Amino acid sequence: MTDTTADLLREITAEDYPAVRGLVAGLEGDALVRAGRILARLDPGKVLAAHPGTPAPLIAVTGHGTLSALVPALTGELARHGLLARVRLSDFDSWVFDLADPGSDLYTAAPSLVLCVLDPALVAGELPLPWRVEDVERVLDEKTALVERAAEVFAATARGATLVLNTLPLPRSLTAQLVDLGSRARLGAVWREANARLLRLVETRPEVVTVDLDPLLAEGVAAHDVRQSVYAKAHLSDGLLAGYAREIGHLARQSAGGAKKVLALDLDDTVWGGVLGEAGPEGIEVAGSYRGEAFRRFQAVAKQLGSQGVLLAAVSKNDREPVVKTLREHPELTLREDDFVQVRANWRPKHENLAELAADLNLGTDSFVLVDDSSFECGLVRRELPGVAVLQVGREPALHVERLLRDGWFDVRALTAEDRARPARYREERARQDFLHTFESLDGYLRELDISVTLAPVDAARLDRVSQLTLRTNQFNLTTRRLQPAEVRALHDDPAVRVLAIESADRFGDNGLVGVVLLRRQAGVLHIENFLLSCRVFSRGIEQAVLGAVLGHAFDSGATEVRAAYVQTARNGKVADFYPRAGFETVREDAGSADFRLASRPAAAAVDHIRLTARFERTPSEDRR
C-alpha cells in the first residue's frame, strides 16, 4: 500500500465509505491488513447511518487462541468487496462457553457469521507427559466430538446464521517429538482423520462451513510464528489468519448476494499467447510449447468453471470472423465457441461490450469478472463499470490460473443441477432473442413462445436451489431476504409456511426452477414473505400469472386479506410497484420499504399466453427429508 493510499484511507469518514472499495480493490496481503487496521477506526453505526443500504454482516469471532490479528484482516477483506465489517471478538479461549450455552452473549448478539477458529494447541496443550499417538487420537476424538456438539447447539439456537470451522494444521514440532517413523505416520493418519471429520460435518449440518487450511499452507503460508505462539498464545500466524480472512470475505460476499455469474475473458495474451490479428491462428501459443501449455492450463480451468454453471464470455478487440474461425477450428484449443454464451469480438471499448453483454443476459454488470492482460483496458473497465471484478493478468501465463482462482468469485454453498444446466439455458436464451426479432410485437412473440409454468411446494431435494436463488437473485426480489440452506429447511418444515417453487419451460427448452414464493398463514391473513424470480425469465408475464394464482388460492382458502412487503435495494427498483400494480393498497411506506394489503379478490388479470399449473398443498414425497 502506497503512502498516498494510506493517507486517503485515513481521511475517509463515515460519509465517504462507498469510496473505500475502490481504494482497497487492488490491495493484497500485508497491505490489505494495514488498510483494515486504518478502516477499523470507523464507527460502523455512523457508516450505516450515512449509508443504510451498505451490507454490514455482524461477524462473531471465537476460538482457542489469541485472534486479535483477525480483526483488521477481516475489515480489509470485507471492504474490498463493498461490505462493512462489524466484528465482535470474544474473550480468549471462550469458544466452548460461547457455542455450547444458548444464552451466551454470542447468540444474544445475533451474528450472521460465527467464526470458531481452532488451532493445533487445542490438542497439544492437553497431552500428558510423556505422550503417545494413542493420546493424540483420544484428545482429537474428544475435541472433535465437542465441536460436533457445539454445532448441534448452534443449529438449534442461531437460526439463519452460519458457523465457520477450520481444519487444524499438523505442526512439525509435534510429529518430530516421535523418533520412530511408524509412529509419525500413525500420528499423521489420525490427525487427518480428525480433519476429515470436521470437513464432513457440512454434509449433515447445512449451517456449517469448514475452511480447509491445507491449501493455504500449500501456498507457502507459515502455519504459526513460534514466538507469537509461545508468548502471546497466538497459535496461528498472522499470514495464515489473513489467508483465512480472505476465505471469509468470499463467504460474506456470497451471503450478501454478491456471487459472480459471468467470466468474461480477453483472448490475446490471456486465453492464448500472442495477438491473433498479427500472428494468425497458426502463430498463437495454445499448446505444445512451454508457454502454450500454460495457456492450455488456463483454458482447462475456465472450461471446468463453465461446467459448474459459470457463464463464459469472450470479449476481444479483434475482427469477429477470425476469432470465431479460430475458436471453431484450431486443433489444439481447449475452449471452443460452444463453451461461450457469447463471443463479442470488435474494436469497441470493452466496457461498452460488457454493458451490452449484461443487458443481453439480463444481468447486472456487478455479476461479471473480467480477465484481461491490458492495464489500459482493466483501468477503463474499473472506472466505467465499478461493479465488475477486474483481474489483470501479467506477462507470465503460468500464473493466470492462480490469479483467476484466488478470490473464489464463483463460490456457492452447494452446487445444484440448475447450476450445471445454466450455460446451456443461456444459450437457449440467445435463440429466444433471435426468435423475438422475427416478430413485430412482444405479444405475438410471447404467444408463440408457448410458455408453461408450474407452481408447487418445493420438494426437499431442491431446498439448496431455493437457498441459492435467494442468495443470487437481486433484480426481481421483493425483499432480498438472503436465506441459508438451514433457514430454507426450517421454513420447509414449518406447517404454517409454504415454500413454492416456480418452474417454467417453453418451445426452446426447460428453464428449470426459476423462482420462489414464500407464504405464511397467520389466522386469516396470508403473508407473501417474499417473491423472487430469476432474471432469465421475468418480463414474460410469469410473475403476474403466479401472483394471480397465489391470490386466488388465498381467498378460495378463506383468507380475509393478503399482506406483502417490498424492501428497496440498489438492484430491485424495477419491482417497487409490483404489488400496487396488482391492486394492493399501501399501508406503510418510507424511503426504503413499503407494506401492502389486499382485502378482496382482485379482478382477474388474464395472462393468456401462459399455461399455469398451480398446487399449494404438499405431497408426502415433498415432505420427505
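The structure presented is a predicted model; accordingly, all values stated were derived computationally and were not measured. Positions are given from 1 along the sequence.
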**Q** What I want to check is whether the side chains of Asp268 and Asn318 have a donor and an acceptor closer together than 3.5 Å.
**A** yes
**Q** Is it true that Arg571 and Asp366 make a salt bridge, defined as a side-chain N closer than 4.0 Å to a carboxylate O?
**A** yes
**Q** Find the distance between CZ (Arg246) and CZ (Arg406) and round it off to the nearest 0.5 Å.
**A** 4.0 Å
**Q** Applying side-chain contact (heavy atoms from CB on, under 4.5 Å), name anything that partners Gln228, two or more places apart in sequence or on another chain.
**A** Asp225, Ala234, Asp238
**Q** Does any donor atom in the side chain of Ser467 or Arg482 lie under 3.5 Å from an acceptor atom in the other side chain?
**A** no
**Q** Check Glu356 with Arg344, please: is the shortest side-chain N to carboxylate O separation under 4.0 Å?
**A** yes
**Q** Verify the neighbour count for atom CZ of Arg227: are there more than 12 heavy atoms of other residues, nucleotides or ligands below 6.0 Å?
**A** no
**Q** I'd like to know if Glu285 and Arg291 make a salt bridge, using a cut-off of under 4.0 Å between side-chain N and carboxylate O.
**A** yes
**Q** Should the pair Arg395-Asp269 be classified as a salt bridge under the 4.0 Å nitrogen-to-oxygen rule?
**A** yes
**Q** Can you list everything that forms a side-chain contact (heavy atoms from CB on, under 4.5 Å) with Thr157? Sequence neighbours excluded, please.
**A** Pro102, Tyr107, Val153
**Q** Between Arg253 and Asp407, is there a side-chain N and carboxylate O pair less than 4.0 Å apart?
**A** no
**Q** With a cut-off of 3.5 Å and sequence neighbours excluded, list every side-chain donor-acceptor pair involving residues 158-169.
**A**
unit_1, atom_1, unit_2, atom_2, d
Thr162, OG1, Arg413, NH1, 3.2
Asn166, OD1, Leu118, N, 2.9
Asn166, ND2, Leu118, O, 2.9
Thr167, OG1, Asp212, OD1, 3.3
Thr167, OG1, Leu213, N, 2.9

**Q** Looking at Glu15 and Lys46, does any basic side-chain N land under 4.0 Å from a carboxylate oxygen?
**A** no
